Number of protein chains: 2
Amino acid sequence: MGDHKNVNQESFKGMLREKGLKVTNQRIYVLEALQASRKQHLTAEEIYNKVKADHPEIGLATVYRTIQVLRELHLIDRINFDDGSERYEISDQKRSKGHHHHHHHLICVKCGKVFEFKDDMMEGLEASIAQKTGFQVIDHEVKLYGYCKECGGNTD
Amino acid sequence: MGDHKNVNQESFKGMLREKGLKVTNQRIYVLEALQASRKQHLTAEEIYNKVKADHPEIGLATVYRTIQVLRELHLIDRINFDDGSERYEISDQKRSKGHHHHHHHLICVKCGKVFEFKDDMMEGLEASIAQKTGFQVIDHEVKLYGYCKECGGNTD
DNA sequence: ATCGCTGCAAATGCTTTGCAAGTAC
DNA sequence: GTACTTGCAAAGCATTTGCAGCGAT
């Protein structure tokens, strides 16, 4: 299977070494599990189970610690859908340094499904905020709640 | 002190009764504590401590249970600033039924202060999403991260 | 050989729940 | 009088941490 858009494993190793961290199988496995499930918003436990399928010796604590590392390297994003666990997904690759370009999440309040929506509109909002308040926005998180096409506005 | 914009206590009592819930002092106290701290994003524990100052007999569990009631009545919103606890604030009164009109939160990544920003721009985004994806948005949550005016773009 | 990393189990911290006594209606 | 509520303590659950052994460099 192609890893067309995924962060090159070699560059991941380089990032680890640059930070003085060691390249371990566990760290590779966790990144791979996340890359294999792009756009799936996995919990730590779900990542743990995916890795464990092939490498039963891994521990949940290691998954949590690896998640921290991947977040520091900006390789994954954390999202919270208020279902009791934090969830993680491979980060969108950004354009200009330091300015992330996330997608939005559309959360259906009826069926619970999560959809993604890519949009540039936030840039206008961020510019307007900078002008009005002097607050310099570098990142954002947008969650939209409503009814997906299938659940279409039914309120029952 | 004026409770100009606060939900009338009488209407709160009415809302409780309509749901078959009882009007208790504890519920009144919790709502009052939140109203007295508008725009302050209190944790359950902070609410508990505020109420306890005047009414030492209240229990933390009751605060948590009352928060659930207030959320069901849409009198408060929950926000999570990733500092380990959920936070709550008096809800913006909405315009059209069922369509909330929240403010956004600007979170300074340096000093941690949280600012509010009111904006109508989301409506355009929501319309655009409905058109493109068929997803009908009824609510949204926007968090913007960056540097506040005081911390002004310093990266150290 | 060093120092970081791992797995396990224990600990933590927020939130929820069971229960008997108390309170609103 | 009958539920619903409360306060307390205990439980629950996701996440973090201490530690001894293991592994990468």
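Because the structure is predicted, anything quoted here is derived from the model rather than measured.
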Could you tell me if the side chain of [Y] sits less than 4.5 Å from the side chain of [X], heavy atoms only?
X      : Y      : answer
A:Y29  : A:L31  : no
A:S85  : A:E45  : no
B:V142 : A:H140 : no
B:I47  : B:I67  : yes

Of all residues at least two apart in sequence or in a different chain, which pass the side-chain hydrogen bond (donor to acceptor under 3.5 Å, both in side chains) check with [X]?
X     : answer
A:N80 : A:E86
B:H41 : B:E89, B:H105, B:E116
A:R87 : A:E46, A:D83

Open item on the list: side-chain contact (heavy atoms from CB on, under 4.5 Å) for A:F12 and A:L73? Distances and angles first, verdict last.
Closed with: CA-CA 9 Å; A:F12 175 45; A:L73 295 175; 3.9 Å; yes
Task: Atom-pair distance (CG on A:N80; P on C:dC14), nearest Å - done: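 Rounded to the whole Å, the gap is 16 Å.
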Task: Rounded distance (Å) that lies between atom C1' of C:dT15 and atom CD of A:E86 - done: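 In whole Å, C:dT15 C1' and A:E86 CD are 15 Å from each other.
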Task: For B:K52, all residues meeting salt bridge (Lys or Arg N to Asp or Glu O under 4.0 Å), sequence neighbours excluded - done: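 B:K52 satisfies salt bridge (Lys or Arg N to Asp or Glu O under 4.0 Å) with no residue once adjacent residues are dropped.
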Open item on the list: Restricting to salt bridge (Lys or Arg N to Asp or Glu O under 4.0 Å), what partner residues turn up for A:E72, sequence neighbours left out?
Closed with: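 Applying salt bridge (Lys or Arg N to Asp or Glu O under 4.0 Å) to A:E72 gives A:K19.
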Open item on the list: Assess whether a salt bridge exists between B:K118 and B:D92, defined as any Lys/Arg side-chain N lying under 4.0 Å from an Asp/Glu carboxylate O.
Closed with: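 Salt bridge flag = yes for B:D92 with B:K118.
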- [ ] Look at A:R78 together with B:D82 and state whether they make a salt bridge at an N to O cut-off of under 4.0 Å.
- [x]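 Between B:D82 and A:R78 there is a salt bridge, with a charged N closer than 4.0 Å to a carboxylate O.
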TODO: Identify, between B:N25 and B:G84, the residue whose nearest nucleotide on DNA chain C lies closer to the 5' end.
DONE: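 Closest to the 5' end, via its nearest nucleotide, is B:G84.
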TODO: Would you jot down, in residue-number order, the residues of residues 55-70 of chain B having a non-hydrogen atom under 4.0 Å from DNA chain D?
DONE: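 Per residue number, the list reads B:E57, B:I58, B:G59, B:A61, B:T62, B:R65.
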Task: Residues from residues 43-51 of chain A lying under 4.0 Å of DNA chain D - heavy atoms - done: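 Residues of residues 43-51 of chain A that come under 4.0 Å of DNA chain D do not exist, since none gets that close.
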- [ ] For the pair B:Y147 and B:V109, evaluate side-chain contact (heavy atoms from CB on, under 4.5 Å) and give the outcome as yes or no after the intermediate values.
- [x] CA-CA 6 Å; B:Y147 295 97; B:V109 297; 3.8 Å; yes
- [ ] Go through the structure and list residues passing side-chain contact (heavy atoms from CB on, under 4.5 Å) with B:V23, not counting sequence neighbours.
- [x]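 Expected list: B:K13, B:L16, B:R17, B:I28.
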Task: Pairing residues for A:F117 by the side-chain contact (heavy atoms from CB on, under 4.5 Å) criterion, not counting sequence neighbours - done: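 With neighbours one apart ignored, the set is A:H104, A:L106, A:D119, B:L125, B:S128, B:I129, B:K132, B:T133.
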Return the polar atom pairs (N/O with N/O) between nucleotides 1-3 of chain C and the protein under 3.5 Å, or none.
| from | atom 1 | to | atom 2 | distance (Å) |
| --- | --- | --- | --- | --- |
| C:dC3 | O2 | A:K22 | NZ | 3.1 |

Task: Terminal axis angle for the helix from C:dA1-D:dT25 to C:dC25-D:dG1, five pairs an end, nearest 10 degrees - done: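 Nearest ten degrees gives 40° for this helix.
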TODO: Anything under 4.0 Å to a heavy atom of chain A counts; send over the first and last such nucleotide of DNA chain D, read 5' to 3'.
DONE: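 So the outermost contacting nucleotides come out as D:dA14 to D:dT25.
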Open item on the list: Does A:G20 reach a base, just sugar-phosphate, or nothing at all? Heavy atoms under 4.0 Å.
Closed with: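 Touches nothing.
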